2 protein chains.
Amino acid sequence: MSDTIPPRRPLTLRDVSEASGVSEMTVSRVLRNRGDVSASTRQKVLNAARDLGYVPNKIAGALASSRVNLVAVIIPSLSNMVFPEVLAGVAEALEGTDLQPVVGVTSYRPEKEEKVLYEMLSWRPSGVIVAGIEHSETARQMLRAADIPVVEIMDVDGEPVDAVVGISHRKAGRRMAEAILKQGFEQIGFLGTQMPLDHRARKRFEGFTETLAKAGLEVIDQEFYSGGSALLKGREMTQAMLDRSPDIDFLYYSNDLIGAGGLLYCMEQGYDIPGRLGLAGFNGVELLQGLPRQLATMDTERKQIGREAAGIVAARAGGAVGGGERVELEPKISIGDTLRRYKP
Amino acid sequence: MSDTIPPRRPLTLRDVSEASGVSEMTVSRVLRNRGDVSASTRQKVLNAARDLGYVPNKIAGALASSRVNLVAVIIPSLSNMVFPEVLAGVAEALEGTDLQPVVGVTSYRPEKEEKVLYEMLSWRPSGVIVAGIEHSETARQMLRAADIPVVEIMDVDGEPVDAVVGISHRKAGRRMAEAILKQGFEQIGFLGTQMPLDHRARKRFEGFTETLAKAGLEVIDQEFYSGGSALLKGREMTQAMLDRSPDIDFLYYSNDLIGAGGLLYCMEQGYDIPGRLGLAGFNGVELLQGLPRQLATMDTERKQIGREAAGIVAARAGGAVGGGERVELEPKISIGDTLRRYKP
DNA sequence: TTGAAAGCGCTAACAA
DNA sequence: TTGTTAGCGCTTTCAA
């Protein structure tokens with residue numbers, strides 16, 4: 001234990017070099033575990049670095065080596081648990097590597113996405129993971145020009161810049177519609193978020209209505225919300241819709257939280273579920289497991305998406321050749337207690 | 001529109017300089033809006049940069065200027081909504097500045113905290129916002145040596161390295177105990193998370209039991225969980241506890257999610273709430289608003305904490321003198337429908 | 001196994 | 001208003 005005076009100027013390799021009597025170059029080697037260094041020299045350097053409390057300057061290191069161990073992860077929001085879950089998957093997959101995720105938030109705004117992307121690319125990350133497959137031409141141009149692995153996640157319906165990991169939301173919408181029709185529901189209401197820029201919700205809705213149309217049906221009522229507590233909004237929208245369209249026999253929610261709110265409301269109102277009224281949400285959030293009844297939903301495996309995406313970046317950062325990888329996960333319907341009228 | 005060939009090598013200032021016929025230095029000035037540049041030169045540079053698709057290299061810029069517009073935000077988890085909420089507050093407060101949050105996750109592990117901190121400090125950020133006030137001596141040493149604004153958040157009970165923004169969890173525990181006692185509850189059970197390293201939960205519990213002790217009472221049963229769906233766990237733990245200790249008349253949960261699970265369970269079981277059985281959670285999560293009954297809780301204003309912390313970092317990064325700021329927010333009891341037996 | 005020199009791409013400081 | 005020079009702190013490369 002040495003009683004060093006706290007430094008005014010950040011410590012540099014040179015300080016460690018002087019304190020240990022070893023050249024800067026060799027100090028650098030020790031600190032990075034590169035090249036052959038004798039055990040004794042090594043120990044001297046390590047001791048000096050520890051005693052001084054030296055923290056390497058990655059900025060200088062990155063500039064000199066043009067290697068940056070950062071992976072940019074760009075998501076629309078942190079308030080929707082879906083994205084922190086993806087992040088958790090990314091973080092998990094990167095755990096064993098020397099890569100570090102760096103998060104940027106776009107608030108679902110294309111212009112902000114451009115800004116965040118520009119900002120992150122200016123740090124020359126080893127890869128980019130970005131939510132969604134819809135981007136401005138400027139953004140796509142930046143991604144292409146960056147010449148690093150780019151993984152677009154969540155959605156596979158479209159033309160990716162490079163790699164893509166996600167589900168087909170159009171297909172998810174179709175599958176749910178099929179499941180609902182199969183149970184004989186015909187008076188279907190849709191409840192979603194007021195978000196013109198949520199392309200995934202839009203695609204699900206398109207897939208959903210498309211399948212209904214094939215059966216000669218259409219959504220008979222719709223309701224959208226924005227802001228506020230999703231659970232509460234689900235409740236309120238459900239009440240409004242059932243009051244307005246009492247014939248409805250199925251409620252399809254664009255996310256599980258509003259679905260859960262709706263379910264709680266319908267149970268309180270004493271609806272026979274799913275005999276008189278069926279419900280389904282979307283995402284498969286953990287929360288549903290604690291509800292009095294299991295809301296039907298579709299699991300989108302967000303964590304797995306994060307893992308796969310990070311895996312692609314890590315592999316290529318590690319030197320593997322690649323490009324244009326495509327991983328389409330199959331969304332799994334979870335029947336729960338709110339969809340099956342006919343026992344199989 | 002020029003049809004440029006995609007670059008093999010990342011573009012540099014020099015490329016823009018050559019393309020525009022303006023010196024590198026002046027290009028740099030234009031791109032950073034520094035110093036006086038004639039409108040015509042400015043335009044030439046901007047055009048060239050746009051046409052080439054130039055993205056500045058912040059690594060080189062940071063090295064040359066020793067200015068890094070990154071703020072490290074270190075949190076234990078992304079799976080607990082509390083922390084994304086803090087992050088959202090940080091992001092919001094940083095929106096107007098040129099600072100950017102960078103997130104690191106510690107998984108509640110001190111050794112990982114050290115690692116993440118080391119990693120982030122090696123990028124020489126403009127400030128650090130870190131959850132909690134308990135850190136290893138190594139971590140504290142690094143924070144002190146970094147010689148940048150450090151804001152410890154969430155918890156004010158302890159000795160901060162520098163600035164601190166949060167609530168007193170000990171006080172929060174005491175306040176809730178007082179509120180419960182005031183309503184005449186005496187057979188109190190506690191349900192929490194199995195997390196020896198969650199210092200804030202521990203402090204709340206200490207404050208809570210301390211106040212009970214003054215009234216000659218103690219918690220008559222306890223139950224802890226780890227992992228899994230909090231809502232579901234709340235349900236299960238509540239059932240277990242009520243089966244085991246049927247005399248219990250109050251359940252104090254260490255977070256709102258398990259509290260919500262418990263509330264749903266108790267309602268299903270037909271308990272008279274809060275006549276026969278009272279409940280309270282902690283945090284004031286938005287979700288509660290959608291429940292059939294409002295769980296009593298204590299709002300911890302996570303977003304505000306994030307905002308305040310980011311504000312301190314931004315102010316000091318902007319040149320304001322400071323150090324040792326202390327912002328203690330007062331947790332607000334939300335009585336809800338599960339705590340008040342005696343009408344006021 | 002170790003060291004010396006050169007330079008990564010930018011910006012501070014100064015000169016013109 | 002614009003340009004020149006000299007680094008920022010590290011790593012690459014090459015020599016010893």
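Chain letters run A, B, ... following the sequence lines, proteins first and then strands; every chain starts at 1. The structure displayed is predicted, hence computed values, not measured ones.
Rounding to whole angstrom units, CD of residue B/Glu18 and P of D/dG3 are separated by 14 Å. In this structure, A/Glu24 places its CD atom 8 Å from P of D/dC10, rounding to the nearest Å. Following rounding to the nearest Å, A/Asn57 (CG) and D/dG9 (P) show an atom-to-atom distance of 7 Å. Distance NZ (A/Lys44) to C1' (C/dG3): 14 Å, rounded to an integer number of Å. We find that CZ of A/Arg14 is positioned 11 Å from P of C/dA4, with the value rounded to whole Å. Between the CE atom of A/Met25 and the P atom of C/dT1 there is a distance of 15 Å, given to the nearest Å. A straight line from CD1 of B/Ile59 to P of D/dG9 spans 16 Å, rounded to a whole angstrom. Protein atom CZ of A/Arg34 is 17 Å distant from nucleotide atom C1' of C/dT1, rounded to whole Å.
Within a 6.0 Å radius of CD in B/Glu137, other residues, nucleotides and ligands contribute more than 12 heavy atoms. Annotation: A/Arg14, atom CZ; neighbour count of heavy atoms from other residues, nucleotides and ligands within 6.0 Å does not exceed 12.
Side chain B/Arg124 to base D/dG9: no donor-acceptor pair is found below 3.5 Å.
Remark: A/Ser23 is not in phosphate contact with C/dT2, judged by side-chain N or O atoms under 4.0 Å from OP1 or OP2. Between D/dT11 and A/Arg29, no contact under 4.0 Å exists linking OP1 or OP2 to a side-chain N or O. Contact between the side-chain N/O atoms of B/Ser38 and the OP1/OP2 oxygens of D/dT2 is found at a separation under 4.0 Å. Residue A/Tyr54 places at least one side-chain N or O closer than 4.0 Å to OP1 or OP2 of D/dC10.
DNA chain C contains the following stems of three or more consecutive Watson-Crick or G-U pairs, with both distances under 3.5 Å: C:1-16 with D:1-16.
A pairwise comparison of heavy atoms in B/Leu94 and B/Gln100 identifies CD2-C, 4.4 Å as the closest pair.
The B/Arg32 side chain lies nearest to C/dA12 when the options are D/dT11, C/dT1, C/dA12. Nearest nucleotide to the B/Ala60 side chain, out of D/dC10, C/dA13, C/dC10: C/dC10.
Non-hydrogen atoms lying under 4.0 Å from DNA chain C are contributed by A/Leu63, A/Ala64, all within residues 62-69 of chain A.
The residue among B/Val22 and A/Ser28 whose nearest nucleotide of DNA chain D lies closer to the 5′ end is B/Val22.
No donor-acceptor pair under 3.5 Å is formed between the side chain of A/Asp51 and the backbone N or O of A/Ala48. Between the side chain of A/Ser17 and the backbone N or O of A/Leu13, no donor-acceptor pair lies under 3.5 Å.
Ion pair B/Asp162/B/Arg316 flagged as a salt bridge, since at least one NZ, NE, NH1 or NH2 atom sits closer than 4.0 Å to an Asp/Glu carboxylate oxygen. Salt bridge A/Glu95/A/Arg307: absent, no basic N to carboxylate O contact under 4.0 Å.
Here the CD atom belonging to B/Glu119 is positioned 3.5 Å from the NZ atom belonging to A/Lys58, to the nearest 0.5 angstrom. To the nearest 0.5 Å, the span separating CG on A/Leu121 from CG on A/Asp147 amounts to 11.5 Å.
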Handout entry: B/Val128 vs B/Met120, side-chain contact (heavy atoms from CB on, under 4.5 Å): CA-CA, chis, key distance, verdict
Key = CA-CA 9 Å; B/Val128 178; B/Met120 306 216 105; over 6 Å; no
